[in-house]
Asks: 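Just passing along the structure, written as structure tokens.
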Amino acid sequence: MSSADKEFVKEIARRDEDPSQWYVDVIRKAELADYTPVRGCMAIRPYGYAIWELMQAGLDRRIKETGHQNAYFPVFIPESLLQKEADHVEGFAPEVAWVTHGGNEELTERLVVRPTSEAIICAMYAKWIQSYRDLPVLINQWANVVRWEKVTRPFLRTTEFLWQEGHTAHRTSEEAQEEVMRMLEVYRDFVENDMAIPVVPGRKTEREKFAGAHATYSIEALMQDGKALQAGTSHNLAQHFARVFDITFLDEDGQLKYVYQTSWGVTTRLVGALILVHGDDRGLKLPPRIAPIQVVIVPIAPKKARETVLAKASELEARLRNAGFRVHLDDREEYSPGYKYNHWELRGVPLRLEIGPRDIENNQVVLVRRDNGEKLFAGIDGLEEALPGVLDAIQRDMLAAARKFLDENSRPAADMAEMEKIITEKRGFVYAWWCGDEACELEVKERMSATIRNIPLDQQAARQKAPAAAKCVHCGKPAAEVAVFARAY
RNA sequence: CGGGGCGUAGCGCAGCUUGGUAGCGCAUCUGGUUUGGGACCAGAGGGUCGCAGGUUCAAAUCCUGUCGCCCCGACCA
């Protein structure tokens, strides 16, 4: 950013000077969220919630297209239920909130505020599933969950957060595994195509997998500060929960069997990813598909031409709204055009449409792209036909820019020294061979606080980013898989 | 949960060392003039100085405790 540009941004910290302050400033000044009297809990403001609603819409459509239905389960889970699955309770116990009283009376059994809903949903599935004809059960829930985190950050890690959690039950192991991969792909498709955030799909290590899962898969994104962010997870629960919750069905062959289950989720954390991947020194930068306002109209209305310009701007607004665009006319009289430019840039509106007396004379408007600052002219007639192309280009270019950053910050490391140098000096994704031994994974973590984000599903592509020799980055023994290491949020 | 930093008007800060009637910039409100990258003039409103104790004739200032936020580590979406 040039020093001339710097003048335009007075409200937020410079991203390169104080990235953490920048992140918080963007959230507060763009009115996405604010701190509340409750530690670790934020209020999501209308503009931030509108983004989440668009994300919900994109995900919900895909979830339903893949055969799932929405349902709702209780926010409270009896202690005994949570404790049924040993790994599960061990994983979540440190971060659950307890309800001990109802009114003034102490409860005979404590309740946990759900940190995730496996337990309560499994209890219901045990009642609902009798026969192989009842399978598969394909249910999704939109809900809030609570995890008593020690360190919180708006959107990235809050005590209470919003998410969607899918919970499915299947007849066979193969079917469950297909479901796990199907939903991981749904997430990849949504995050890349709607949010313009490129991700690496892969399998989590034993150490990093979900508490109680047989296997966990994730999509991992890379933030502009070089830290990784888990953007979505999909778990194969196998029969772990079915056995303890006694979810059985009578199969075609007359045998009583346990179901195979999956669960998968994404959260409001994705809003944080949006900020960290696309944001710049001017603030938020939203991809058109999830921008609450895709086009903001800023009239240039000097006194002499006020009526003419405002009438035309208003007419344009109506036309674009009818054509299906999310459009906003900023006709406030008390602010100058320049102020409005900054105002909407801070809020990440993908496209600004300026219309003034000179434009009206020429029967045109000025379009300015938020993603690259490019200024275009478009005829007023047929504007509806011209806009989709521009918005699509912004969507596409934002993904391309993020992918370029991801590629440029994906580096190979053959040994610990190389890994450490990259992790400490450049960060980003490090592609390295891993023998599969947890001790090697742990050693990397202890020496440079980087973890294995996942083992990419596309090993062929991963190998091209890794050193040629298939030797474990730590112990040097022959390794079969390439893993992605990074410092993570 | 350990180490460090910060809490003074909506936002950003000064004042604290050396106790003595709470200030600045931006924002807000009113009136007027303005409008192609954060307009100008005039006037006005707004703070029990995070909270609770203590010391003192007197506390934003000194002491103790506590809560919150930020940063760096350990645990997690």
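The sequence lines fix the lettering, A, B, ..., with proteins before strands; numbering per chain opens at 1.
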Asks: Write down the partner of B:U17 under the Watson-Crick or G-U wobble criteria, each distance required to be under 3.5 Å.
Replies: none
Asks: Residues two or more places apart in sequence or in another chain: which of them pass side chain to side chain contact (heavy atoms under 4.5 Å, CB included) with A:Val244?
Replies: A:Lys84, A:Glu85
Asks: Check the surroundings of atom CD in A:Glu374: do more than 12 heavy atoms from other residues, nucleotides or ligands lie under 6.0 Å from it?
Replies: yes
Asks: Given that A:Phe155 and A:Pro302 both sit by RNA chain B, which one's nearest nucleotide is further toward the 5' end?
Replies: A:Pro302
Asks: Is the phosphate of B:C70, meaning OP1 or OP2, less than 4.0 Å from a side-chain N or O of A:Tyr35?
Replies: yes
Asks: B:A42 pairs with which nucleotide, Watson-Crick or G-U wobble, both distances below 3.5 Å?
Replies: B:U30
Asks: What I want to find out is whether A:Arg62 reaches A:Asp194 closely enough, with some N-O distance under 4.0 Å, to be called a salt bridge.
Replies: yes
Asks: Write down the partner of B:C51 under the Watson-Crick or G-U wobble criteria, each distance required to be under 3.5 Å.
Replies: B:G65
Asks: Could you tell me how far B:C16 sits from B:G7 if I compare only their C1' atoms? Round to whole Å.
Replies: 14 Å
Asks: Is B:A58 paired to anything, Watson-Crick or G-U wobble with both distances less than 3.5 Å, and if yes, which nucleotide?
Replies: none
Asks: For nucleotides B:G15 and B:C57, find the distance between their C1' atoms and express it as a whole number of Å.
Replies: 23 Å
Asks: Should B:C1 form a Watson-Crick or G-U wobble pair with both distances under 3.5 Å, which nucleotide is its partner?
Replies: B:G73
Asks: For the base of B:G12, is there a side-chain donor-acceptor partner from A:Gln21 under 3.5 Å away?
Replies: no
Asks: Indicate yes or no: does A:Glu185 engage A:Arg182 in a salt bridge with an N to O separation below 4.0 Å.
Replies: no
Asks: Could you check, using the six-membered ring where one of them is a Trp, whether A:His167 and A:Tyr125 have ring centers closer than 6.0 angstrom?
Replies: no
Asks: May I ask you to verify if any side-chain N or O of A:Lys303 is less than 4.0 angstrom from the OP1 or OP2 atom of B:U34?
Replies: yes
Asks: A:Lys445 has an atom NZ; how far is it from atom P of B:C75, in whole Å?
Replies: 4 Å
Asks: At 4.0 Å (heavy atoms only), tell me whether A:Leu229 reaches a base, stays on the sugar-phosphate, or touches nothing.
Replies: nothing
Asks: So that I can tick it off, tell me whether A:Glu361 and A:Arg358 are bridged by a salt bridge, with the cut-off set at under 4.0 angstrom between side-chain N and carboxylate O.
Replies: no
Asks: Can you find a side chain N or O atom of A:Tyr335 that sits less than 4.0 Å from OP1 or OP2 on B:U28?
Replies: yes
Asks: Look at all strands and tell whether A:Thr152 reaches a base, only sugar-phosphate, or nothing, counting heavy atoms closer than 4.0 Å.
Replies: sugar-phosphate
Asks: Run the salt-bridge test on A:Asp225 and A:Arg427 with the 4.0 Å N-O cut-off and return the result as yes or no.
Replies: no
Asks: Among residues 351-376 of chain A, which residues get a heavy atom nearer than 4.0 Å to RNA chain B?
Replies: A:Arg352, A:Glu354, A:Gly356, A:Pro357, A:Arg358, A:Asp359, A:Val366
Asks: State whether A:Asp25 and A:Arg14 are salt-bridged, where the test is any N-O pair (Lys NZ or Arg NE/NH1/NH2 against Asp/Glu carboxylate O) under 4.0 Å.
Replies: no
Asks: Both distances under 3.5 Å, Watson-Crick or G-U wobble: report the partner of B:G25, or none.
Replies: B:C11
Asks: Provide the distance between the two C1' atoms, one in B:C49 and one in B:C24, to the nearest whole Å.
Replies: 15 Å
Asks: For a quick check of understanding: with a heavy-atom distance under 4.0 Å over all strands, which category does A:Arg39 fall into, base, sugar-phosphate or nothing?
Replies: sugar-phosphate
Asks: Taking the basic N atoms (NZ, or NE/NH1/NH2) and the acidic carboxylate oxygens, is any pair closer than 4.0 Å for A:Asp330 and A:Arg332?
Replies: yes
Asks: Suppose you measure atom P in B:U56 against the same atom in B:C26; what distance do you get, rounded to whole Å?
Replies: 43 Å
Asks: Using the P atom on both, measure B:C51 against B:G68 and round to a whole Å.
Replies: 15 Å
Asks: If you pin A:Phe92 and A:Gly40 to their nearest nucleotides in RNA chain B, which one's is more 5'?
Replies: A:Gly40
Asks: For nucleotides 41-51 of chain B, which of its nitrogen or oxygen atoms have a protein nitrogen or oxygen under 3.5 Å away, and what is each distance?
Replies:
none

Asks: Picking from B:G37, B:U35, B:C70, which would you name as closest to the side chain of A:Ile300?
Replies: B:U35
Asks: Touch check for A:Glu333, heavy atoms < 4.0 angstrom, all strands: base, sugar-phosphate only, or nothing?
Replies: base
Asks: Rounding to the closest angstrom, what is the interatomic distance between B:G12 and B:A27 at atom C1'?
Replies: 11 Å
Asks: Using the P atom as the point on both nucleotides, what is the distance between B:U48 and B:G10, in whole Å?
Replies: 9 Å
Asks: Just call it for A:Val151: base, sugar-phosphate, or nothing, with non-hydrogen atoms closer than 4.0 Å on any strand.
Replies: base
Asks: Heavy atoms under 4.0 Å, any strand shown: does A:Lys304 hit a base, just sugar-phosphate, or nothing?
Replies: nothing
Asks: Does B:U35 have OP1 or OP2 under 4.0 Å away from a side-chain N or O of A:Ser336?
Replies: no
Asks: For a quick check of understanding: with a heavy-atom distance under 4.0 Å over all strands, which category does A:Glu149 fall into, base, sugar-phosphate or nothing?
Replies: base
Asks: Going by purine N1 to pyrimidine N3 plus the second Watson-Crick contact, or the G-U wobble pair, all under 3.5 Å, which nucleotide sits opposite B:G36?
Replies: none
Asks: How is A:Ser449 classified with respect to the nucleic acid when contacts are heavy atoms under 4.0 Å: base, sugar-phosphate, or nothing?
Replies: sugar-phosphate
Asks: A:Gly272 near the nucleic acid: base, sugar-phosphate alone, or nothing, with a heavy-atom cut-off under 4.0 Å?
Replies: nothing
Asks: Mark yes when over 12 heavy atoms from residues, nucleotides or ligands other than A:Trp148 sit less than 6.0 Å from its CH2; otherwise mark no.
Replies: no
Asks: Using atom C1' in both nucleotides, what's the gap between B:A9 and B:G5 to the nearest angstrom?
Replies: 24 Å
Asks: Ring of A:Tyr489, cation from A:Arg157 - is the NZ or CZ under 6.0 Å from the centre and inside 45° of the axis?
Replies: no
Asks: Please report the shortest heavy-atom distance between A:Ile355 and A:Lys312, naming the atom on each side.
Replies: CD1-CG, 3.7 Å
Asks: For A:Glu220, is there an ion pair with A:Lys204 - N to carboxylate O distance below 4.0 angstrom?
Replies: yes
Asks: Side-chain N or O of A:Lys29 less than 4.0 angstrom from OP1 or OP2 on B:A27?
Replies: no
Asks: Measuring from the side chain of A:Pro154 (C-beta onward, heavy atoms only), which nucleotide among B:U35, B:C70, B:C75 has the closest atom?
Replies: B:C70
Asks: Nearest to the side chain of A:Arg28 - B:C69, B:C11, B:G38?
Replies: B:C11
